[in-house]
Amino acid sequence: MDLNESDIFNAVLVFLWVMYAWETYLSSRQRNLYRTVTEVPQELEKVLDAETFEKARLYSLDKSVFGFWHGIWGQIESTLILIYGGMPFLWRFSGQVLEYFGYNSEYEISQSMVFLLGATLFSTITGLPWSLYSTFVIEEKHGFNKQSLGFFLKDMVKKLVVSMALALPITSLLIWIIKVGGDYFFIYAWGFSLAISLILVSVYADYIAPLFDKFTPLPEGELRTGIEKLAASIEFPLKKLYVVDGSKRSSHSNAYFYGFWKNKRIVLFDTLLEDYAKEEDAKKTDESNEESESTKDESTTKTEDTPNDTTEEKPKKKVGCNNEEVLAVLGHELGHWKLNHNLKNLLIGQVNTFLCFAIFGLLMKEQKLYSAFGFDSSPTMIGLIIIFQFIFSPYNEVLSFCMTWLSRRFEFQADAFAKGLKRAEALRSSLIKLNKDNLGFPVADWLFSAWNYSHPPLIERLKALDKTE
Ligand SMILES: [Zn+2]
């Protein structure tokens, strides 16, 4: 098969639109359920009230309609960028910026860094109206948003600075390795990416995550003792146990564990815990009067003393899980650890990276690929984008489908593990509560969920928990 440049370009564009059409079709199937299923499904009648179900339905519908418009915009934007040569334009522009500062275009790595910075700024700016709308209109309307505009913007700039501070040196090194690595560069490139991911995992919790959120050790008490006992019972090497102030951003709830070998930490979102959730309403009213983050801590302690002031308007809704339920959630999380789910994911990821770099090595010298996208030279940075993002995209779609499927399997296994710890009842009620608190819509179209859901739908998880072995 002898493809010319325009065949390659057209194939990429057609595939982009085929995937877009497929995903839009799936979303429309699911959106149709949000519109038509207006009554609590029979399986959940006893545990889910009609009011919550209706709220979840409207929330999901709003998100889905938003996703539809965001999707169209993204698709048109990327098509126009491809057709009108946005990439070669930005590449030339980056060269001009360098020249302006007295460097010539022989400095390929520097040019790549300017390019990367420019592309990131561009996508941040064009994405800004969408994320503003999502946070301050949709999430706000359904009662999940806890951020002020000032916090949102500051957080965004912080994220941008931190991600660039990491991405620029890492990408420069990678390009350098590819350029000097010779025929077997892909082995070094793979080794480098493995080393980087291991380093990031080990510094993330101590140095990166605290830049964004506050981690406090879970205070001594019934819950802490319970978690320590649970960890000991399955030999989980628990070193640290934190609560993170997720409620500062959003009232969606979660829990996870983290870390290497014998040095594991568990992080609970404050929104997961009943005791923390009580303070939540109080916090929000106070926060709206205060812009600066540093004064927030004081306001939290202040409101603890006077919780009655803020309860007038809304009747207090009980959110979060009780201790037994939190333990069941952790039983599930620790199941992921005991069953080596993370290790398996890491292994698959490493094999994949190795394969991709090896194939990249075979393709990176094909000038046709660069010409197809409007380049008359073959800079490594552009090769990485064209090959990893566009040429591999059919493979990426298949891989991501398999990983989503595997993730759902792992979720069932982790649930079964918690069940084995005699925590099925508490897990059941925690799943129901979390689904309510997060306004999850419990009805899923089979095709949409097969393609998109990394976690099985609630009804399926409850069914699996009820099954007797
Ligand atoms: Zn899980």
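All residue numbers in this chain count up from 1 along the given sequence. Just so you know, ligand 1 is whichever comes first in the structure, and atom 1 is the first atom listed for that ligand.
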Solution key, residues 225-239 side-chain donor-acceptor pairs under 3.5 Å, sequence neighbours excluded:
unit_1, atom_1, unit_2, atom_2, d
T225, OG1, G221, O, 2.6
E228, OE2, R224, NE, 3.1
S233, OG, L230, O, 2.7
K239, NZ, K262, O, 3.2

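With sequence neighbours left out, K159 forms a salt bridge (Lys or Arg N to Asp or Glu O under 4.0 Å) with D155. Residues forming a side-chain hydrogen bond (donor to acceptor under 3.5 Å, both in side chains) with W337 (at least two apart in sequence, or on another chain): none.
With hydrogens and angles ignored, the 3.5 Å screen pairs a side-chain donor or acceptor of S123 with a backbone N or O of T120.
Between F441 and Y34, a ring centre-to-centre spacing shorter than 6.0 Å is recorded.
For the Zn ion (ligand 1), protein N, O or S atoms closer than 2.8 Å were enumerated as H332 NE2, H336 NE2, E411 OE1, E411 OE2, with waters left out.
A salt bridge does not link D466 to R461: none of the charged nitrogens lies less than 4.0 Å from a carboxylate oxygen.
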